[in-house]
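Heads up: numbering here begins at 1 and tracks the sequence. Predicted model only: the values in this text are computed from it and were never measured.
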Amino acid sequence: MRLLKTIYRSVNKHKQTTLLNILGLSLGLAAFLLISFWITHEWSMDRYHTHFDRIYQINYLDQTDGEIWAGSPSPLAPMIREEISGIEAVARIRPCPDFAFKYGDLMFYEANGMTADAELFDIFSFKILLGDVAQALQQTHNIVITESFSRRYFGQANPLGEQLLVEAEGLLTVGAVIEDPPKSSHIQFDYLLSHKFAETYRICGLDWGDPNFRTFVLAVPGTDMQEVCSQITVAASAHGCPHVKYGNHIYTPRPLEEIYLDYKIPNILGPTGDSRTLYALGSIGIFILLLACINTINLSLALLARQSKSVSIKKIIGAQRRHIFTSTLLETAVIISIAFMVALALFEFARPLVTTLASVHLTLPKGPGVWMFYGALFIGVVLVCGIYPAFLISGIRSLHVFENKTIKHKPLSLLVIVQNIVSIALIISTLVIAHQMHYVQYKELGFDSEQVFYVFLRGKISEKINTVKTRLIAHADVQGIAFKDCLPYSLCNNTTGVVWKKDGEIENDTRNPVGMETTRIDEGYFDLMGVEFVAGRNFSPEFGMDTHNYIINETAARRMGIENPVGLLFALYGQWGRIIGVIRDTHFKSLHDEINPQVFHLYRDLQAQSYFGTLFIKTGAKDPTRLIADLRSMWQEYNPGIPFDVHFLDTDYEAIYEKDRRAAFLISGFTFLAIFIACLGLFGQAGIMAVSRTKEIGIRKVNGATTRSILYLLNRDLLKWVAVAFVFACPLGYYLMNKWLQNFAYRISIEWWIFVAAGILAIAIALLTVSMQVLKAAAVNPVYSLRYE
């Protein structure tokens, strides 16, 4: 009881310091908990599956450059099932195009569907609610739907056996209902169609040279997956897989635990995480907690001079060192306990905001493991913050009360330097991230997405496409229209099924085959997008043979090893024509990705082939409302029963970098929080310093010292500390940001002005924080200052 009274008196005597301690620690702990639970959520992805540790994705490994491709060809899965030992189950999965579904009066576009093999449910632990999934996915025209999909169309009724009209063309029968894939799954879908559906309607290339699928296997316990993949490589070569037989590729296993956070290989089946973002945020979380602990230590050390007399008196009247040590350590523990409770309240307050920004569902976990984590964190913070100050305070000599010496401690200077190193490194990081995001937003991509909107061609609209085209061209608000088989940033088909003739010899059919993205367009696409040609010409209706010809990009020409490919004989899937043009490399996709070799070819029959395609319209009108309304009328006239849905291309491209913007915002937000916490410590230290030097300030003012000279005197050491910290912070910040920038195939260079700006900002923040307290002390009447103590 007496000890609690002593702690209360000590805390009450230094109210400002105690409040600063609690505020800094609670903010630091809250930020650390938010980041910790977010990282835990991200690392736990896919681990709920029963056979999590035996699930692998079968990928290509290019032995030439070490690059890994997640895509695999359609024939791979049945070959593994029939010929490879050590595998319990194998399944293919691939996203579907956006299909329009109709049931009664309800019509929706469904953008989140997949084709899959029935064995997918032998591999993954998706929960089946109704029906027979295996039977459903054996039938071409059956569909497996999720619980949310079922409610959208059927409400609470049993949907088994019900039929959905798809694309106003045919019926799909509901064969099973499953629980929505949990948020902790990297595979997300609303419905599944049989792989036979993909084969029947040829929604993508299905040959050995077309790596358009993701192939998963469930290994037999104890299986050596490297050996299994060696068997797969040999077997695939025997079946004529061009990447293996003629190229320098082998198959390699990719554990399920690596897929979600692998930033190098985008996940097309659901959300993608980024391990580097987690490492960056984890480092910031540790830095924030470290800064909060340093604040507590620094404030305790700064108070040491004011506590020395009372400690000396306690020792004179009989207090032993261990009692003072225990009392000081318990005082720190009480402050940290209060800070911990405030931190938990702040966590609940900030959780919805972070959940929205990070697109993850954060909760305050419960259970024995979490309580152990809380206990370890609490004890760790108490020991870090309390041991050294308690050791110093309890070591004050009993005769110190009779001495007139100022207590100085080198650790105080060192800890302030560490604070500034962290702060400056974080400022550098924030400036680099902001600069990169500005670069991403305003970089010239090689095409123009402004004032371009699009609709997916579904239902019966293709049968009237020439009429629609004529009517749109005549519209006053239309500057141009174009057709393409998929969106510019999407991958419609990837294949090694391309060859060309060089010096009369067919190339790309044996050694190291070049894979290319292939896409079908019309004559107006490049003009509408504003794409520049570096050689040759565009497709033109004046040249009838252009339906057999091809246009490639610069990357494709380089991969072909041909300086001027215009006029060269070229074939896609055995269809020979000539290369008539080369477009400049264009960033149709994210700047995270390298530009791939691309080949473009024409619709041979727009009416017959445009189904599943996309109609692009460029308008000159500032307000496209009238044009969209007219297009809606045409759609309803020619395509009844299919919902009309319009999208803007520039909005899509903004969404591509939404995850980067969220990560940048969060990193910047936590950085500002870290700097604020550091400022709290400096503010408290400056206040203590100003009070301890009140008499000195008064004497200097009586002797003619100006406020400016007093400011310089008291800030001199701080400037020295910031300068030393700057020297160490620059290489640290450069290293961290250089690693982060590797996330982008196209990125800024880290320029010198970023470091200068970070240093100036750090000095300005530190001086402003400290000078507020110093100016307050310097403004006191010298008469009062001389009478102080």
Side-chain angles (χ1 to χ4, degrees), residues 204-205 207 209-212 242-243 246-247 445-447 482-589 593-606 609-610 613 616:
C204 65
D207 299 328
D210 304 325
N212 295 318
H243 296 88
Y246 305 121
L445 300 177
F447 70 101
F483 296 87
K484 188 176 182 295
D485 56 5
C486 62
L487 294 172
Y489 51 82
S490 297
L491 173 61
C492 183
N493 188 53
N494 191 22
T495 183
T496 56
V498 291
V499 294
W500 57 89
K501 284 188 177 180
K502 181 180 179 182
D503 300 327
E505 298 291 329
I506 294 179
E507 299 280 336
N508 206 47
D509 63 335
T510 54
R511 296 193 311 268
N512 298 322
V514 175
M516 294 190 183
E517 295 180 9
T518 68
T519 187
R520 186 183 283 118
I521 62 174
D522 76 335
E523 296 91 343
Y525 179 73
F526 290 129
D527 288 338
L528 182 138
M529 293 293 181
V531 175
E532 181 182 351
F533 278 75
V534 295
R537 63 174 177 84
N538 193 2
F539 294 121
S540 172
E542 297 178 6
F543 299 91
M545 284 301 295
D546 273 0
T547 54
H548 297 277
N549 291 334
Y550 302 93
I551 292 174
I552 62 175
N553 66 351
E554 291 177 293
T555 296
R558 285 194 296 271
R559 292 288 298 274
M560 291 165 64
I562 299 173
E563 187 173 341
N564 184 16
V566 174
L568 213 65
L569 283 170
F570 185 95
L572 169 63
Y573 295 130
Q575 299 292 321
W576 284 95
R578 292 190 182 274
I579 296 174
I580 63 170
V582 180
I583 63 167
R584 187 172 300 283
D585 277 345
T586 305
H587 297 281
F588 286 122
K589 296 183 180 179
D593 306 320
E594 297 279 357
I595 295 175
N596 291 327
Q598 295 172 325
V599 55
F600 302 85
H601 56 110
L602 278 178
Y603 285 100
R604 294 186 177 181
D605 184 340
L606 186 62
Q609 297 176 325
S610 61
F616 296 89

Notebook entry, point to check: Closest approach of Ala557 and Pro565, non-hydrogen atoms and distance?
Noted result: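 For Ala557 and Pro565, the tightest heavy-atom pair comes out as CB-CG, 4.0 Å.
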Item checked: Pro488 to Phe588 - nearest heavy-atom pair and separation -> O-CB, 3.4 Å
Note to self: If you apply the rule side chain to side chain contact (heavy atoms under 4.5 Å, CB included), what do you find for Met560 with Ile579, and how did you get there?
What the structure shows: CA-CA 12 Å; Met560 291 165 64; Ile579 296 174; 3.8 Å; yes
Check: Centres of the Tyr550 and Phe570 rings: under 6.0 Å?
Finding: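 Between Tyr550 and Phe570, the centre distance is under 6.0 Å.
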Next item on the list: Let me see the working for Asn538 and Phe600 under side chain to side chain contact (heavy atoms under 4.5 Å, CB included), right down to the final yes or no.
Entry: CA-CA 11 Å; Asn538 193 2; Phe600 302 85; over 6 Å; no
Let me confirm one number: the [atom1]-[atom2] distance from [X] to [Y], rounded to the nearest 0.5 Å.
X	Y	atom1	atom2	result
His587	Ile595	NE2	CD1	4.0 Å
Phe616	Ile521	CZ	CD1	10.5 Å
Glu554	Glu532	CD	CD	8.5 Å
His601	Ile551	NE2	CD1	11.5 Å
Leu602	Ser540	CG	OG	9.5 Å
Thr518	Asp210	OG1	CG	8.0 Å

Side-chain donor/acceptor of [X] to backbone N/O of [Y], under 3.5 Å:
X	Y	result
Tyr603	Phe483	no
Thr586	Arg584	yes
Asp522	Ala482	no
Asn549	Ile580	no
Asp485	Thr519	no

Got [X] and [Y] here, is their nearest side-chain heavy-atom distance under 4.5 Å?
X	Y	result
Arg558	Asn553	no
Trp576	Val499	yes
His243	Pro211	yes

Next item on the list: Can you sort out the partners of Glu523 under salt bridge (charged side-chain N to carboxylate O under 4.0 Å, His left out), two or more places apart, ordered by chain and number?
Entry: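 Counting only residues at least two positions away or on another chain, Glu523 forms no salt bridge (charged side-chain N to carboxylate O under 4.0 Å, His left out).
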Check: Please walk me through it: do His548 and Arg578 pass side chain to side chain donor-acceptor pair (under 3.5 Å)?
Finding: CA-CA 7 Å; His548 297 277; Arg578 292 190 182 274; over 6 Å; no
Next item on the list: Look at the aromatic rings of Phe539 and Phe526 and report parallel, tilted or perpendicular, splitting at 30° and 60°.
Entry: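 Answer is parallel, since the angle falls under 30°.
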Checklist line | Sidechain N-carboxylate O distance under 4.0 Å for Arg537, Asp546 | finding: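 Judged by the 4.0 Å cut-off on N to carboxylate O distance, Arg537 and Asp546 do form a salt bridge.
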